[in-house]
Engineer: 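Here it is, the structure, as structure tokens.
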Protein chains: 2
Amino acid sequence: MATPDRPGFALPLLLLAGFRTLIDDLHAELARQGHAELRPAHGFVLQAVGPAGTTASDLGQRLGVSKQAAGKTVDRLVALGYLERVDDPVDARRKLVRMTARGHDGLRRSAIVFDELRDSWAATLGADRVAAIEDDLRRMVPADVFHLDVPGWFGG
Amino acid sequence: MATPDRPGFALPLLLLAGFRTLIDDLHAELARQGHAELRPAHGFVLQAVGPAGTTASDLGQRLGVSKQAAGKTVDRLVALGYLERVDDPVDARRKLVRMTARGHDGLRRSAIVFDELRDSWAATLGADRVAAIEDDLRRMVPADVFHLDVPGWFGG
DNA sequence: GTAAGATAGTCAACGTGGTTGACCAAATAG
DNA sequence: CTATTTGGTCAACCACGTTGACTATCTTAC
């Protein structure tokens with residue numbers, strides 16, 4: 001209703017809507033699988049922490065936000081049981097951020113569900129069309145933007 | 001780096017990155033054209049206000065947020081000179097929210113710049129590929145999600 | 001014509017996800 | 001050994017959302 005069949009707005013709106021659709025579907029399914037508290041941003045954070053773990057400063061750099069912001073996000077994920085902080089044995093300043101078992105579970109399930117959602121798109125659109133969308137976007141999106149998993153860019 | 005050539009994450013990340021690329025480019029150009037304070041969300045809000053104007057409650061419904069949130073957003077846009085509030089002559093409860101001249105200018109320029117950006121994608125990808133992306137997404141995205149211009153859904 | 005209910009706007013408190021600036025402790029370079 | 005860099009945290013702040021409570025006004029029903 002508020003929307004635009006104005007030509008200029010269609011493409012960005014469709015990209016956003018496509019992303020949102022995927023994320024909504026993902027979280028509906030994750031909630032069913034015992035991860036109701038996992039918010040859209042959290043998947044990207046877990047992804048950025050990675051299996052090896054990292055530090056708050058490094059996490060901030062990966063996500064393109066300040067170390068303070070990264071620290072606060074880690075606090076929340078720690079409170080939810082997805083991450084834990086451990087002292088670095090070789091550098092007393094550092095605190096390693098690592099995924100807990102629950103964190104690993106959440107991330108693993110996210111990837112699986114995303115795969116299923118992609119398959120369901122492929123079932124409607126055709127696998128080649130989905131692959132074509134991916135190829136086209138990969139060509140149009142600068143690598144540094146593609147490689148940025150940052151959640152909060154939208155409102156920043 | 002933090003990213004995923006994990007298969008499941010590629011499609012959503014590409015959709016997000018594509019959207020972000022467009023929005024970043026839009027705002028870089030808008031800043032050059034005298035609208036540096038216009039944030040990503042604001043375009044959607046102006047769009048939702050529309051040429052006829054509306055009320056805060058109605059705006060909230062259009063954007064899928066509470067009337068209070070819509071009211072606060074209107075406050076900010078009023079402070080920036082993009083919107084104005086006027087009393088409704090026939091209903092003393094209502095305050096009409098309308099675009100100012102600056103608001104119209106910002107929205108008009110957004111649409112023009114988006115068109116140019118789409119053209120630049122078409123120049124690289126081919127017009128038919130861009131149209132195909134749009135068609136595919138239009139088919140995969142539920143109408144109510146496509147028709148939702150809401151900015152803040154991401155972190156809600 | 002008035003009592004009751006729905007609707008518009010606002011205020012306050014709060015949560016989340018960001019920002020800067022300041023600061024301390026620990027590591028590293030000269 | 002001193003000077004600098006780096007990692008983490010604290011505090012204050014901003015944008016954007018939430019719910020709950022409240023007032024003023026309009027609408028409906030009796």
Side-chain angles (χ1 to χ4, degrees), chain A residues 20 23 27 37-46 48-49 53-80 82-98 148-156, chain B residues 16 20 23 27 36-46 48-49 53-80 82-98 148-156:
Chain A
R20 191 196 165 139
I23 297 291
H27 286 280
E37 303 126 312
L38 219 43
R39 316 271 288 20
H42 296 161
F44 297 108
V45 176
L46 294 179
V49 169
T54 180
T55 64
S57 289
D58 183 53
L59 185 61
Q61 272 189 290
R62 290 186 192 185
L63 296 177
V65 301
S66 65
K67 60 181 180 176
Q68 296 94 325
K72 281 204 246 178
T73 300
V74 170
D75 288 344
R76 289 176 210 119
L77 270 309
V78 167
L80 292 175
Y82 287 91
L83 294 177
E84 61 182 355
R85 269 190 250 251
V86 300
D87 290 335
D88 185 322
V90 318
D91 185 339
R93 294 170 306 176
R94 309 179 80 199
K95 294 187 184 165
L96 276 311
V97 175
R98 285 193 319 210
L148 157 161
D149 329 65
V150 57
W153 68 273
F154 194 95
Chain B
L16 177 59
R20 192 198 163 138
I23 297 292
H27 286 281
E37 304 125 315
L38 218 43
R39 316 274 291 5
H42 296 163
F44 296 108
V45 176
L46 294 180
V49 170
T54 181
T55 64
S57 289
D58 183 53
L59 185 60
Q61 271 188 289
R62 291 185 191 184
L63 295 177
V65 301
S66 64
K67 60 181 180 175
Q68 296 93 325
K72 282 203 242 178
T73 300
V74 170
D75 288 343
R76 288 174 213 118
L77 271 309
V78 168
L80 291 174
Y82 287 90
L83 294 178
E84 61 182 354
R85 269 190 251 251
V86 300
D87 290 334
D88 185 322
V90 318
D91 185 340
R93 294 170 305 174
R94 310 179 81 199
K95 294 186 183 164
L96 276 311
V97 174
R98 285 193 319 210
L148 156 161
D149 330 65
V150 58
W153 68 275
F154 193 94

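The structure presented is a predicted model; accordingly, all values stated were derived computationally and were not measured. All values below were derived from every heavy atom in this structure, side-chain atoms included, with hydrogens, water molecules and symmetry-related copies excluded.
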Engineer: Check the distance between C:dG17's P and A:E37's CD and give it to me in whole angstrom.
Structural biologist: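 Checked: the CD to P distance equals 13 Å.
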Engineer: Taking the side chain as everything from C-beta on, heavy atoms only, tell me whether B:L96 gets closer than 4.5 Å to B:T54.
Structural biologist: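 SC-SC contact between B:L96 and B:T54 ruled out.
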Engineer: Between atom CZ in A:R39 and atom C1' in D:dC16, what is the gap in whole Å?
Structural biologist: 12 Å
Engineer: From the list D:dT9, D:dG17, C:dG9, which nucleotide is the closest neighbour of the side chain of A:R85?
Structural biologist: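 Output: D:dT9.
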Engineer: Rounded to whole Å, please give me the gap between NE2 in A:H42 and C1' in C:dG15.
Structural biologist: 12 Å
Engineer: How would you summarise protein contacts on nucleotides 20-30 of chain C per nucleotide, using B for base, S for sugar-phosphate only and - for none, with heavy-atom distances below 4.0 Å?
Structural biologist: BBB---BS---
Engineer: Any donor-acceptor pair under 3.5 Å joining the side chain of A:K72 to the base of C:dG18?
Structural biologist: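 Answer yes: a donor N or O sits under 3.5 Å from an acceptor.
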Engineer: Which residues satisfy the side chain to side chain contact (heavy atoms under 4.5 Å, CB included) test with B:D91, sequence neighbours excluded?
Structural biologist: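 So B:D91 forms a side chain to side chain contact (heavy atoms under 4.5 Å, CB included) with B:D88, B:R93, B:R94.
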Engineer: On DNA chain C, nearest-nucleotide positions of A:R76 versus B:R94: which is more 5'?
Structural biologist: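 Taking each residue's closest nucleotide, the earlier one in sequence belongs to B:R94.
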Engineer: Just to verify, what does A:E84 make a side chain to side chain donor-acceptor pair (under 3.5 Å) with, not counting sequence neighbours?
Structural biologist: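 Residues passing side chain to side chain donor-acceptor pair (under 3.5 Å) with A:E84: A:R98.
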Engineer: List for me each residue that meets side chain to side chain donor-acceptor pair (under 3.5 Å) alongside B:R76, sequence neighbours excluded, and say none if there are none.
Structural biologist: none
Engineer: Rounded off to whole Å, could you give me the OH-to-P distance for the B:Y82 and D:dA15 pair?
Structural biologist: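 Distance, rounded to whole Å: 14 Å.
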Engineer: When you get a sec, tell me which of D:dT9, D:dT18, C:dT10 is the closest nucleotide to the side chain of A:K95?
Structural biologist: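 Within the option list, the nearest is D:dT9.
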Engineer: Rounded to the nearest angstrom, tell me the gap between atom CG in B:D58 and atom P in C:dT7.
Structural biologist: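 Computing the B:D58:CG to C:dT7:P distance gives 13 Å.
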Engineer: Please enumerate all residues that pass side chain to side chain contact (heavy atoms under 4.5 Å, CB included) together with B:A56, with sequence neighbours excluded.
Structural biologist: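 Per chain and number, B:A56 pairs via side chain to side chain contact (heavy atoms under 4.5 Å, CB included) with no residue.
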Engineer: May I ask you to verify if any side-chain N or O of A:S57 is less than 4.0 angstrom from the OP1 or OP2 atom of D:dG8?
Structural biologist: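 So the side chain of A:S57 is within the cut-off, an N or O lying under 4.0 Å from OP1 or OP2 of D:dG8.
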Engineer: Test B:L83 against every option in B:D75, B:V97, B:T73 by the side chain to side chain contact (heavy atoms under 4.5 Å, CB included) rule and name the one that passes.
Structural biologist: B:V97
Engineer: Tell me the interatomic distance from B:D75, atom CG, to C:dA12, atom P, rounded to whole angstroms.
Structural biologist: 13 Å
Engineer: Let me know the distance between CD of B:Q61 and C1' of C:dA6, rounded to the nearest Å.
Structural biologist: 14 Å
Engineer: For A:L38 and C:dT16, give me the distance from atom CG to atom P, rounded to whole Å.
Structural biologist: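 Rounding to the nearest Å, CG of A:L38 and P of C:dT16 are 14 Å apart.
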Engineer: Using the test side chain to side chain donor-acceptor pair (under 3.5 Å), find all partners of A:S57 that sit at least two apart in sequence or belong to another chain.
Structural biologist: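 Side chain to side chain donor-acceptor pair (under 3.5 Å) list for A:S57, sorted by chain: empty.
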